[in-house]
Amino acid sequence: QVQLVESGGGLVQAGDSLRLSCAASGRTFSSYVMGWFRQAPGQEREFVATISWSGGSTYYADSVKGRFTISRDNAANTVYLQMNSLKPEDTAVYYCAASTTISTRMWGYNYWGQGTQVTVSS
């Protein structure tokens with residue numbers, strides 16, 4: 001069992017940056033692949049980024065590639081999502097999730113946080 005708590009969301013203007021954090025507790029953090037997903041109102045939850053156990057491999061959705069960076073600090077049991085050049089279409093609730101395998105699919109993830117709201121105004 002692992003518990004995930006996201007933080008760092010907020011209201012920003014287009015072009016601004018935000019860094020989301022996800023703190024994990026419970027079983028060994030480094031044994032999990034970590035991912036970020038987001039869900040906009042009326043839309044399905046979608047993949048944003050994922051990072052491998054050691055942080056050596058990362059994958060991104062095309063919509064955020066070049067603007068967002070996922071990273072992790074296994075000593076601090078935390079995964080981050082640095083979001084630059086934010087756009088109004090990035091507005092969503094952002095969730096972090098933990099998986100035992102690398103996946104871009106929601107059903108590949110066993111544990112989820114409660115989400116943090118990111119709102120980007122134009």
Side-chain angles (χ1 to χ4, degrees):
Q1 187 85 0
V2 61
Q3 293 78 42
L4 304 173
V5 179
E6 301 97 334
S7 61
L11 171 63
V12 297
Q13 294 186 331
D16 285 351
S17 298
L18 270 179
R19 189 175 82 155
L20 305 183
S21 299
C22 175
S25 60
R27 296 179 63 182
T28 306
F29 178 70
S30 60
S31 66
Y32 290 97
V33 169
M34 298 300 298
W36 285 96
F37 290 76
R38 66 186 182 185
Q39 187 167 18
Q43 298 186 22
E44 294 186 352
R45 195 170 299 188
E46 65 175 4
F47 168 75
V48 175
T50 188
I51 188 166
S52 61
W53 302 264
S54 65
S57 296
T58 57
Y59 303 90
Y60 297 92
D62 288 343
S63 59
V64 307
K65 203 172 292 183
R67 300 188 298 122
F68 290 13
T69 302
I70 188 172
S71 62
R72 67 190 297 163
D73 182 346
N74 286 344
N77 286 2
T78 303
V79 62
Y80 304 97
L81 185 68
Q82 177 66 44
M83 306 186 294
N84 298 331
S85 302
L86 283 161
K87 304 175 181 180
E89 50 264 44
D90 294 318
T91 296
V93 177
Y94 282 72
Y95 299 89
C96 74
S99 173
T100 55
T101 61
I102 293 178
S103 177
T104 62
R105 311 277 187 169
M106 278 184 55
W107 49 86
Y109 288 78
N110 310 95
Y111 304 102
W112 292 83
Q114 83 290 346
T116 185
Q117 176 71 47
V118 172
T119 303
V120 184
S121 64
S122 57

ILVMFWY cluster, [X] and [Y] together (side-chain gap under 4.5 Å):
X: Ile70; Y: Phe29; value: yes
X: Phe37; Y: Ile102; value: yes
X: Val64; Y: Leu86; value: yes
X: Tyr32; Y: Tyr59; value: no
X: Val93; Y: Tyr80; value: no

Any non-hydrogen side-chain atom of [X] less than 4.5 Å from a side-chain atom of [Y]?
X: Trp53; Y: Val33; result: yes
X: Met106; Y: Glu44; result: no
X: Glu46; Y: Arg38; result: yes
X: Tyr95; Y: Leu4; result: no
X: Phe68; Y: Trp36; result: no
X: Val118; Y: Met83; result: yes

Give the minimum heavy-atom separation between [X] and [Y], together with the two atoms involved.
X: Ser17; Y: Gln82; answer: CB-NE2, 3.9 Å
X: Val120; Y: Thr91; answer: N-OG1, 2.9 Å
X: Thr116; Y: Gly9; answer: OG1-N, 3.2 Å
X: Ile51; Y: Ser71; answer: CD1-CA, 3.6 Å
X: Gly108; Y: Ser103; answer: CA-OG, 3.9 Å
X: Ser122; Y: Ala14; answer: CA-CB, 4.4 Å

Between Asp62 and Lys65 (salt bridge meaning N to carboxylate O under 4.0 Å), is one present in this structure? yes
Using a 3.5 Å distance criterion without hydrogens, assess whether the side chain of [X] forms a donor-acceptor pair with backbone atoms of [Y].
X: Ser99; Y: Thr101; result: yes
X: Glu6; Y: Gly115; result: yes
X: Arg67; Y: Ser85; result: yes

Separation of [Y] [atom2] from [X] [atom1] (nearest 0.5 Å):
X: Arg45; Y: Tyr109; atom1: CZ; atom2: OH; value: 12.5 Å
X: Asn74; Y: Met34; atom1: CG; atom2: CE; value: 9.5 Å
X: Tyr94; Y: Leu18; atom1: OH; atom2: CG; value: 9.0 Å
X: Cys22; Y: Asn77; atom1: SG; atom2: CG; value: 10.0 Å

